[in-house]
Amino acid sequence: MQAAAVPVPVTHRRVLKIALPIVLSNATVPLLGAVDTGVVGQLGQAAPIGAVGLGAVVLVSFYWIFSFLRMGTSGLAAQAHGAGDTAERTAVLLRALLIAFGAGFTLILMQGALFWAAFRVAPASAEVETLARSYLALRIWGAPATIALYAVTGWLIALERTRGVLVLQLWMNGLNIGLDLWFVIGLGWGVPGVAIATLIAEWTGLALGLWLCRDAFGPALAAARARIWDSVALRRMASVNSDIMLRSVLLQGSFTAFLFFGAGLGDVTLAANQVLLQFLEITAYALDGFAFAAEALVGQAVGARSRPALHRSAVIAAKWGAGGAVGLSLIFALAGPAIIDLMTTAPEVRAMAHSYLWWLVAAPLIGVASWMYDGIYIGATATRDMRQAMILAVAIYVLSLAILLPAFGNHGLWAALMVLNAARGLTLAWRWPAIAARITT
C-alpha cells in the first residue's frame, strides 16, 4: 500500500465546493420528467403519457435495486483515496463496473419475465401496456449504462469531483431533452422516440462519465487489475453493499407503507399527501449535497486514519446541512401555500394540503440528522451499524403507526413518519462516538 497522501485541510469552502454542484445537479432531475411528459402530451392522447410514466416507473424499480453501488463505491473509494492507495481506488471502480455490467446484461436477458411480472403487479389498459412494452423493449438496452453510472457517480463523489457529476447530469438531461423534442415532435416517433432519446443519453453519459474517471485507467490500472479479485476486498465490498441494500429496502418499505396507509384514508387525503411528499423530495435533493460532502471527506479521513479530520469533516458538513434545513423550513413556511396551489388546482386537495403543511415545515429540522449521518456512515463504511440503526428505527416507526394512526388519522400518519426520521437520526447519533473511536485507532 502507498503512503497516505498529505491531508488537505477540511474547510467550509471545501465542503461547499463538493456540495453545491450536487444541489445544482439534483435540481435538473425533475425537469427531465416534466419534458418527457410534455412532449408525449403533445400527441393529444392519454395512453402515450401513461405508457411513458408507467414504463419509467418499472425501470426505476429494477435499477433502484442496484443503487447501493453509488453509496458503496463512494465510501470505499474515498477511504482508498485518503490512504493514498491509487491502485485500490481504481480497483474499487473496476469491481463496481463489473457488477454493474453483469447486472445490466442480466436484466436484458430476463426482460421478458420481468416485464410480465411488472404488468401483473401494475395492470394497465391494453393500449397503455402495448405502448409501455415498446418503450421498455428499447429502454432496457440502457440498463448496463444506467447501473454503471451509479458506480461512476459514487467514484467521482469520493474524489470530490462533484463538478464532474454536475457536467454529467447536465449533458445527459440536456441531450435527452433535445432528442425528445426532435424525435417526438420533429420526427413524430411517439413513445419509441422518448425511449430512444433516453437510451442515447444513457450510453453517451456513461462514455462521458468514464472519461471523467480517465485517471483510473492510467498508470494505476495494471496494479488495480491484479487486485480486482482480491478475496478480502471482495468480501468487504459484498458486506458493505448488502448492508446498504437492506437498509434501503427498509427505508423504501417505510415510505411505501406511508403511501398505502394514506390511500386508506380517502382519495383527497391520498392526493394531499402526494403533493406534500414533494416537499420531502425537495428537502432530500437539497441536503444530498452536504451528505455527499460528508461521504467524501469522512471516507478520506478514515483512509488517512486521522481522527481530527474525521471529526472536523463530520461537524462542518453537518453544520451546513443544519443551515440548509433551517433555510428549507423557512421557505416552506413562507412559500408553502403558493407551492401547493401551483401543484394542484383541486380546491379540496389544496385545503387539506394546507392543513398539514406545518408537518413539512418541521420535516427538514427533524430529518436533517438522519440525512447527514447517512453520509457520515457511508463515508466511514460503518454500514452494518447503519443497517442495525435502521432496523431499530423501523421498529419504532411500526409501533408509532400502530398507536398514532388509529388515534389521529392522517395527522397520526405524518407524526409517525416524523418519528421514523427522528429515530433514524437519534439511533445513528447514539452509535457514532464508539464507531469514530473504533475506526481511527
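Note that the structure is a prediction, hence the values are computed from the model and not measured. Counting begins at 1 with the first residue of the sequence.
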Just grab all the side chain to side chain donor-acceptor pair (under 3.5 Å) pairs involving residues 146-157, residues at least two apart or on different chains.
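Checked against side chain to side chain donor-acceptor pair (under 3.5 Å) - neighbours excluded - the pairs reaching residues 146-157 are Thr146-Glu202.
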
Name all pairs fulfilling the side chain to side chain donor-acceptor pair (under 3.5 Å) condition that reach into residues 319-339, sequence neighbours left out, sorted by first residue then second.
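Pairs touching residues 319-339 that pass the test: His12-Trp320.
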
Check: [Y] main-chain N/O paired with [X] side-chain donor or acceptor under 3.5 Å:
X: Gln79; Y: Gly379; answer: yes
X: Thr73; Y: Arg70; answer: no
X: Gln111; Y: Leu107; answer: no
X: Arg387; Y: Arg247; answer: no
X: Glu129; Y: Phe119; answer: no
X: Ser25; Y: Pro21; answer: no
X: Ser254; Y: Leu250; answer: yes

Can Thr381 and Arg236 be counted as having a side-chain donor-acceptor contact under 3.5 angstrom?
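Arg236 and Thr381 do have a side-chain donor-acceptor pair below 3.5 Å.
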
In terms of side-chain heavy atoms, does Asn273 have a donor or acceptor partner in Trp414 at a distance below 3.5 Å?
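Indeed, the side chains of Asn273 and Trp414 share at least one donor-acceptor pair under 3.5 Å.
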
For Arg431, give me all partners under salt bridge (charged side-chain N to carboxylate O under 4.0 Å, His left out), at least two apart in sequence or on another chain.
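Asp385.
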
More than 12 heavy atoms of other groups within 6.0 Å of [X] [atom1]:
X: Trp432; atom1: CH2; result: yes
X: His354; atom1: NE2; result: yes
X: Arg163; atom1: CZ; result: no
X: Trp64; atom1: CH2; result: yes

Do [X] and [Y] have side chains that approach each other closer than 4.5 Å (heavy atoms only, starting at C-beta)?
X: Leu357; Y: Ile340; result: yes
X: Phe332; Y: Pro364; result: yes
X: Leu156; Y: Thr162; result: no

Residues in side-chain contact (heavy atoms from CB on, under 4.5 Å) with Val10, at least two apart?
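For Val10, the residues satisfying side-chain contact (heavy atoms from CB on, under 4.5 Å) (neighbours in sequence not counted) are Arg14, Leu297, Arg312, Ser313, Ile316.
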
Partner residues of Arg95 under the side-chain hydrogen bond (donor to acceptor under 3.5 Å, both in side chains) criterion, sequence neighbours left out
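Applying side-chain hydrogen bond (donor to acceptor under 3.5 Å, both in side chains) to Arg95 gives Glu88.
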
Tell me, please, which residues at least two apart from Trp171 pass side-chain hydrogen bond (donor to acceptor under 3.5 Å, both in side chains).
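Per chain and number, Trp171 pairs via side-chain hydrogen bond (donor to acceptor under 3.5 Å, both in side chains) with Thr204.
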
Can you tell me how far apart CD1 (Ile157) and CD1 (Ile22) are? Round to the nearest 0.5 Å.
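Reported value, rounded in 0.5 Å steps: 4.5 Å.
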
May I ask you to decide if the ring planes of Tyr373 and Tyr377 are parallel, tilted or perpendicular, using 30° and 60° as cut-offs?
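Taking Tyr377 first and then Tyr373, their aromatic rings stand perpendicular (interplane angle over 60°).
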
With the threshold set at 4.0 Å, does a side-chain nitrogen-carboxylate oxygen contact exist between Asp243 and Arg384?
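No, no charged N to carboxylate O under 4.0 Å.
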
